[in-house]
Amino acid sequence: MASNSIKLLTGNSHPELAKRVADRLGVELLDMSVFKYSNQETSVIMRESVRDEDVFILQTTCPGEDLNDHLMELLIIAKACKTASARRITAIMPNFPYARQDKKDKSRAPISAKLIANMIQRSGCDHVITMDLHASQIQGFFDVPVDNLYAEPLTLRYIREHFDYKNAVIVSPDAGGAKRATALADRLDLNFALIHKERSRPNEVSRMTLVGDVTGKIAILVDDMADTCGTLCKAADVLMSNGAKEVVAIVTHGILSGDACEKVSNSRLSRLVVTDTVPHEDKKKRCPKIDTIDVAPTIAEACRRTHNGESVSFLFSHVMV
């Protein structure tokens with residue numbers, strides 16, 4: 001067992017999730033303030049010592065104009081802990097920022113996810129915990145350990161508890177998510193379908209084609225994130241047009257930017273299930289179709305296992321209750 005204690009810190013990105021994680025760990029959030037000066041510079045005041053402690057900083061990234069502010073909060077908090085002689089600093093980033101900019105897919109395009117990795121390490125973080133990375137190769141951008149947790153066990157439990165899943169089919173909304181969807185289908189012993197999509201420009205799908213049979217079935221769309229929800233809504237139309245009895249979408253990161261809530265409300269989706277890696281309580285008020293899966297137990301157990309030097313891979317296939 002570790003001789004030092006867990007110190008859980010958070011900025012302004014998702015205090016509700018941080019509080020639930022703290023409750024699961026049986027600790028109090030560290031007394032600190034994160035605020036802006038009049039010139040919009042971020043400042044941190046820590047009112048407790050973290051010397052020789054095991055520090056965990058829970059800071060996700062929310063969609064909108066605060067995204068970069070939340071990233072800077074994480075970096076500044078980590079640097080403050082480093083200069084305050086923390087023994088180890090772990091950044092808990094349930095929704096990793098800039099994850100879709102993971103490769104040079106066009107001339108002069110930046111690989112921004114690598115830049116973020118460099119910044120996190122330079123700020124003093126010794127370890128990173130995240131969930132359902134958009135691209136798993138982002139782990140290779142770091143020179144420190146990265147634990148990429150999976151929402152799959154939580155998704156499996158939700159499907160078993162809320163649907164007649166023996167009469168369902170797992171559907172990937174694009175070819176990129178086929179591995180995720182087939183893994184889920186195999187665990188449930190269900191059939192798998194795929195939607196091939198063509199994009200005319202980013203965030204806009206021009207045409208979709210279904211590969212597979214969904215006739216008379218509950219079609220469960222699975223993906224790692226829902227941003228504008230254009231793909232999910234069009235996929236629901238395609239599935240219903242091909243005889244699906246009902247269409248449900250289950251995604252890890254509910255970004256829900258712009259008019260996504262209105263799109264979902266007016267779509268043929270019966271339900272959109274998202275985890276709370278990103279705060280979305282305000283979105284649920286605008287869209288009654290949104291349901292939530294709590295990731296706090298999984299994150300808390302990852303912190304406990306990291307602190308005690310136990311295997312985190314147990315969480316890849318088990319749900320904490």
Side-chain angles (χ1 to χ4, degrees), residues 100 131-136 148-199 205-256 260 263-264 266-275 277 287 289-295 298 313 315-319:
R100 284 177 284 186
M131 180 170 278
D132 274 6
L133 278 171
H134 183 69
S136 58
N148 180 30
L149 305 177
Y150 298 106
E152 181 181 291
L154 295 168
T155 301
L156 286 168
R157 183 177 68 176
Y158 187 95
I159 291 173
R160 288 178 174 133
E161 292 179 353
H162 291 82
F163 303 109
D164 174 21
Y165 72 93
K166 293 298 184 181
N167 189 39
V169 58
I170 305 299
V171 184
S172 174
D174 54 36
K179 183 178 180 181
R180 179 186 304 104
T182 52
L184 199 64
D186 289 344
R187 293 283 298 274
L188 293 166
D189 193 24
L190 296 177
N191 289 330
F192 160 76
L194 169 71
I195 292 179
H196 173 67
K197 64 182 181 182
E198 298 176 1
R199 291 187 183 274
V205 179
S206 58
R207 189 167 67 91
M208 286 184 158
T209 305
L210 175 66
V211 181
D213 183 20
V214 296
T215 305
K217 301 285 188 178
I218 301 172
I220 303 176
L221 284 161
V222 294
D223 207 350
D224 66 324
M225 67 174 62
D227 189 353
T228 62
C229 290
T231 296
L232 291 179
C233 293
K234 286 190 176 183
D237 288 339
V238 172
L239 292 167
M240 292 298 288
S241 299
N242 280 271
K245 182 171 71 173
E246 179 185 1
V247 181
V248 177
I250 304 180
V251 300
T252 304
H253 308 297
I255 308 299
L256 306 177
K263 286 181 182 176
V264 172
N266 298 324
S267 73
R268 300 174 79 176
L269 285 169
S270 63
R271 194 182 314 181
L272 172 62
V273 184
V274 298
T275 72
T277 57
C287 179
K289 291 183 179 181
I290 297 176
D291 199 5
T292 305
I293 298 175
D294 186 15
V295 299
T298 300
S313 61
L315 300 174
F316 296 170
S317 57
H318 294 79
V319 176

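From a predicted model like this one, the values you see are computed outputs, not experimental measurements. Residues take their numbers from the sequence shown, with the count starting at 1.
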Distance from [X] atom [atom1] to [Y] atom [atom2], nearest 0.5 Å?
{"X": "Leu232", "Y": "Arg268", "atom1": "CG", "atom2": "CZ", "value": "15.0 Å"}
{"X": "Ile293", "Y": "His162", "atom1": "CD1", "atom2": "NE2", "value": "8.0 Å"}
{"X": "His318", "Y": "Thr298", "atom1": "NE2", "atom2": "OG1", "value": "12.0 Å"}
{"X": "Lys217", "Y": "Lys166", "atom1": "NZ", "atom2": "NZ", "value": "11.0 Å"}
{"X": "Ile220", "Y": "Ile170", "atom1": "CD1", "atom2": "CD1", "value": "4.5 Å"}
{"X": "Leu210", "Y": "Leu194", "atom1": "CG", "atom2": "CG", "value": "8.0 Å"}

With sequence neighbours left out, write down each residue that passes side-chain contact (heavy atoms from CB on, under 4.5 Å) with Arg160, or none if nothing qualifies.
Leu156, Tyr165, Leu188

Which residues pass the side-chain contact (heavy atoms from CB on, under 4.5 Å) test with Ser136, sequence neighbours left out?
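Ser136 satisfies side-chain contact (heavy atoms from CB on, under 4.5 Å) with Gln139 once adjacent residues are dropped.
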
Give the minimum heavy-atom separation between [X] and [Y], together with the two atoms involved.
{"X": "Cys229", "Y": "Val264", "value": "SG-CG2, 3.8 Å"}
{"X": "Val222", "Y": "Pro173", "value": "O-CD, 3.1 Å"}
{"X": "Val319", "Y": "Arg157", "value": "CG1-NH1, 3.2 Å"}
{"X": "Ala181", "Y": "Ser172", "value": "CB-CB, 3.7 Å"}

Under the side chain to side chain contact (heavy atoms under 4.5 Å, CB included) rule, what do Val274 and Ile290 come out as? Steps first, then yes or no, please.
CA-CA 7 Å; Val274 298; Ile290 297 176; 4.1 Å; yes

Cut-off 3.5 Å, no hydrogens considered: what does the side-chain donor-acceptor table look like for residues 235-256, sequence neighbours left out?
{"residue": "Ser241", "atom": "OG", "partner": "Asp237", "partner atom": "O", "Å": "2.7"}
{"residue": "Asn242", "atom": "ND2", "partner": "Val238", "partner atom": "O", "Å": "2.7"}
{"residue": "Glu246", "atom": "OE2", "partner": "Ser270", "partner atom": "OG", "Å": "2.7"}
{"residue": "Thr252", "atom": "OG1", "partner": "Asp132", "partner atom": "OD2", "Å": "2.5"}
{"residue": "His253", "atom": "ND1", "partner": "Thr277", "partner atom": "OG1", "Å": "2.8"}
{"residue": "His253", "atom": "NE2", "partner": "Met131", "partner atom": "O", "Å": "3.0"}
{"residue": "His253", "atom": "NE2", "partner": "Asp132", "partner atom": "O", "Å": "3.3"}

Among residues two or more places apart or on two chains, list those pairs meeting side chain to side chain donor-acceptor pair (under 3.5 Å) that have a residue in residues 177-193.
Glu152-Arg187

So, using side-chain hydrogen bond (donor to acceptor under 3.5 Å, both in side chains) as the criterion, who are the partners of [X] when residues are at least two apart?
{"X": "Ser313", "result": "Ser311"}
{"X": "Asn148", "result": "none"}
{"X": "Tyr158", "result": "Arg271, Asp291"}

Quick check: do Ile195 and Asp174 have side-chain heavy atoms less than 4.5 Å from each other?
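No, their side chains stay 4.5 Å or more apart.
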
Partners of Tyr150 by ring pair (Phe, Tyr, Trp, His ring centres under 6.0 Å), sequence neighbours excluded?
Phe316

With sequence neighbours left out, write down each residue that passes ring pair (Phe, Tyr, Trp, His ring centres under 6.0 Å) with His196, or none if nothing qualifies.
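His196 satisfies ring pair (Phe, Tyr, Trp, His ring centres under 6.0 Å) with no residue once adjacent residues are dropped.
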
Check the pair Thr275, Asp294 against side chain to side chain contact (heavy atoms under 4.5 Å, CB included), reporting the backbone distance first and the verdict last.
CA-CA 6 Å; Thr275 72; Asp294 186 15; over 6 Å; no

Kindly say whether Ser267 contributes a backbone atom to a donor-acceptor pair with the side chain of Lys289 at under 3.5 angstrom?
yes

